[in-house]
Structures are given as structure tokens and as C-alpha cells.
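Below is one structure, written out as C-alpha cells; the observations come after it.
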Amino acid sequence: MSAEAKKKTVVVTGASSGIGQGIAIAFGQQGANVVVNYHSDEEGANETLDRIKQGGGSGFIHKADVSDEAEVEEMYRKAEESFGQIHILINNAGIQQDSSFSDMSLEQWNKVIHTNLTGQFLCARAAIRHFEQQAQPGPEEMAKGNIIFMSSVHDIIPWAGHVNYASSKGGILMLMKSLALEVAPKKIRVNAISPGAIATDINEEVWSDEEQRKALLKLIPYKRIGKPEDIAKAALWLGSDDSDYVTGTTIYVDGGMTLYPGFVDNG
Ligand code: NAD
């Protein structure tokens with residue numbers, strides 16, 4: 001993997017914190033070139049880049065709002081200018097804006113859909129347009145491009161009080177599968193990772209509070225909260241040629257959260 005990753009260029013969105021940061025560092029440790037996209041946390045993005053370089057990789061930080069078409073196009077233009085060929089997109093950036101359904105404002109709905117779903121569409125489209133310019137590999141050769149969507153267990157587990165978020169992730173499931181079908185003949189692979197509960201900024205109020213942490217652990221048969229590294233390991237594999245025959249699939253990295261944990265004691 002490391003000799004192969006050394007030659008690869010990876011765009012990671014939302015890479016200034018949490019899961020995106022963990023994935024960007026993991027690819028950097030394999031010697032890859034990494035475009036560290038961030039939205040507002042420049043310090044976090046610089047920390048990611050430092051750790052990529054310490055690990056033997058290279059790259060640069062790039063500020064762009066994934067829901068802004070022009071900013072996404074510019075990010076890809078800059079990535080192409082710097083590295084030529086781009087091999088992998090980690091479509092990770094995402095937010096939550098929680099509310100009961102009746103109190104949910106149109107702004108809260110739009111913000112989450114625009115960032116999580118439209119943002120992943122725009123970045124995926126820029127990646128596909130780039131991959132399509134690359135020579136078509138032969139049937140026995142490896143994929144010429146690879147997209148990994150960051151979804152969530154809430155692409156299949158309904159989530160009260162988070163209808164905007166669950167809708168965005170359910171949308172990603174069909175975006176990923178339909179796109180995978182469309183571009184497979186071009187030898188472009190498209191998959192998703194659906195994390196369970198991973199301790200990051202997005203859910204800090206849950207894992208940092210003892211009572212909420214205990215309640216959360218009841219939903220995880222494997223009895224631990226996940227770490228960004230758990231997701232990074234799956235991303236490294238999906239991004240590698242070892243998974244070359246895998247497309248249109250979601251890997252649930254969730255400690256069993258999707259296994260109906262309420263039935264652990266025979267229901
Ligand atoms: P996080 O808040 O640490 O990371 C989200 C990142 O997205 C941040 O760096 C943020 O700056 C960035 N971002 C937000 N809006 C953006 C925009 N418009 N443009 C560019 N970047 C933007 O949280 P995280 O847990 O690392 O989340 C990463 C992804 O993993 C998200 O898509 C999230 O839905 C998904 N996820 C997380 C968990 C979990 O338990 N942590 C579970 C399932 C899915």
C-alpha cells in the first residue's frame with residue numbers, strides 16, 4: 001500500500017478536524033499528496049498539513065465552502081495545477097443543525113442539505129470531470145479514479161430531531177449508488193463509509209457528558225465509541241488498489257450500531 005499511496009493525490013474535504021483530519025493524516029503517513037480542504041479553521045488545517053508532512057506526505061491547505069460551486073471548481077483547478085492527476089476524493093465535509101421537526105427553520109433544512117448533500121454532489125462532479133480526462137484503463141487495469149462519500153449510519157437508521165441530517169445522508173446513499181453505476185464502465189469507483197458514533201467536534205456534547213455517553217454506549221454493541229482512526233483505516237483500504245473490485249458499496253464502521261442493539265438480550 002505505501003509504495004502505491006506515495007504516487008496518489010487525495011482531496012479531503014473538511015480536513016481541519018475530526019474524521020477528515022484523521023483520514024488526511026493517514027494518507028499522508030502513506031506518502032500521499034493531500035489537498036487539505038477547510039472551511040473556517042485554518043489553524044486546524046495547518047495542524048493537519050504539519051502531521052501529513054511529518055508522516056512523509058506532502059500537500060497544501062485550501063479554503064473552500066463545499067456548497068459553493070465556484071469555490072469547489074477553484075479547489076480542483078488548484079489541485080490539478082499542483083499535482084497533475086488526482087486519484088481520490090474523500091467527500092467528508094458535513095454538519096448538523098438539530099431541531100424538532102415542527103421548529104425546524106427552512107434555513108436549518110437548507111444549510112444541512114446544501115453542505116452535506118449538494119456539497120458532496122459538487123465535489124464528486126468536479127472529481128468525475130477530472131477523472132474523465134484521464135486515459136481509459138484496460139479491463140484488467142486498476143481504476144483511474146476513486147470517490148469515497150462520508151455518509152452515516154443515519155443513511156439507514158431514522159433519527160428523530162435530526163430530520164435534515166438523516167435526509168442528507170439518505171440522499172448520499174442513492175447519490176453514491178447511482179453515480180457508481182453510471183461511472184463504473186469508465187473505471188471510476190464510488191463507495192461510501194457510514195460511521196457510527198465517532199468522538200469528534202460534531203458530537204462533543206454527547207461523548208463528553210457522562211450520562212449521555214452511557215446512553216450512547218447502549219446503542220453500540222461493541223461497547224466503545226469510535227475514533228477517527230477507525231474510519232481512516234477503512235478509507236485507506238477503499239482508496240487502495242486492494243479494493244479495486246469494490247464499487248457502489250457502503251462500509252458501516254459502527255461497532256454494530258446498525259445491528260438493532262435493542263435485540264442484544266433476545267429483544
Ligand atoms: P467535524 O465537525 O469535526 O468535521 C466536519 C468538518 O466539515 C469540519 O472540519 C468543518 O469545518 C467541515 N465543514 C463544515 N461545513 C463545511 C463547508 N461548507 N465546506 C467545507 N468544509 C465544511 O465532524 P466529523 O465527525 O469529523 O464529521 C465528518 C463527517 O463524518 C461528516 O460528514 C459527518 O456527517 C460524518 N459523520 C460523523 C459521525 C460522528 O460520529 N462523528 C458519524 C457519522 C457520520
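For ligands, and for the atoms within them, numbers begin at 1 and follow the listed sequence. What you see is a predicted model; the values in this text were computed from it and never measured.
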Under a 4.0 Å N-O cut-off, is there an ion pair linking [X] with [Y]?
| X | Y | answer |
| --- | --- | --- |
| Glu73 | Lys78 | no |
| Lys186 | Glu132 | yes |
| Arg77 | Glu81 | yes |

Short side-chain donor-acceptor distance under 3.5 Å, Ser194 and Asp155 |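 The answer is yes; a qualifying pair exists.
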Examine the side chains of Asp98 and His162 and answer whether a donor and an acceptor come within less than 3.5 Å of each other.
->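 Note: Asp98 and His162 side chains meet the donor-acceptor criterion.
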Under a 4.0 Å heavy-atom cut-off, which residues neighbour ligand 1?
->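 Contacting ligand 1 under 4.0 Å are Gly14, Ser16, Ser17, Gly18, Ile19, Asn37, His39, Ala64, Asp65, Val66, Asn92, Ala93, Gly94, Ile95, Thr115, Met150, Ser151, Ser152, Tyr165, Lys169, Pro195, Gly196, Ala197, Ile198, Thr200, Asp201, Ile202, Asn203.
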Taking the six-membered ring for Trp, are Phe149 and Phe121 ring centroids under 6.0 Å apart?
->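 No, the ring of Phe149 stays outside the 6.0 Å limit from the ring of Phe121, centre to centre.
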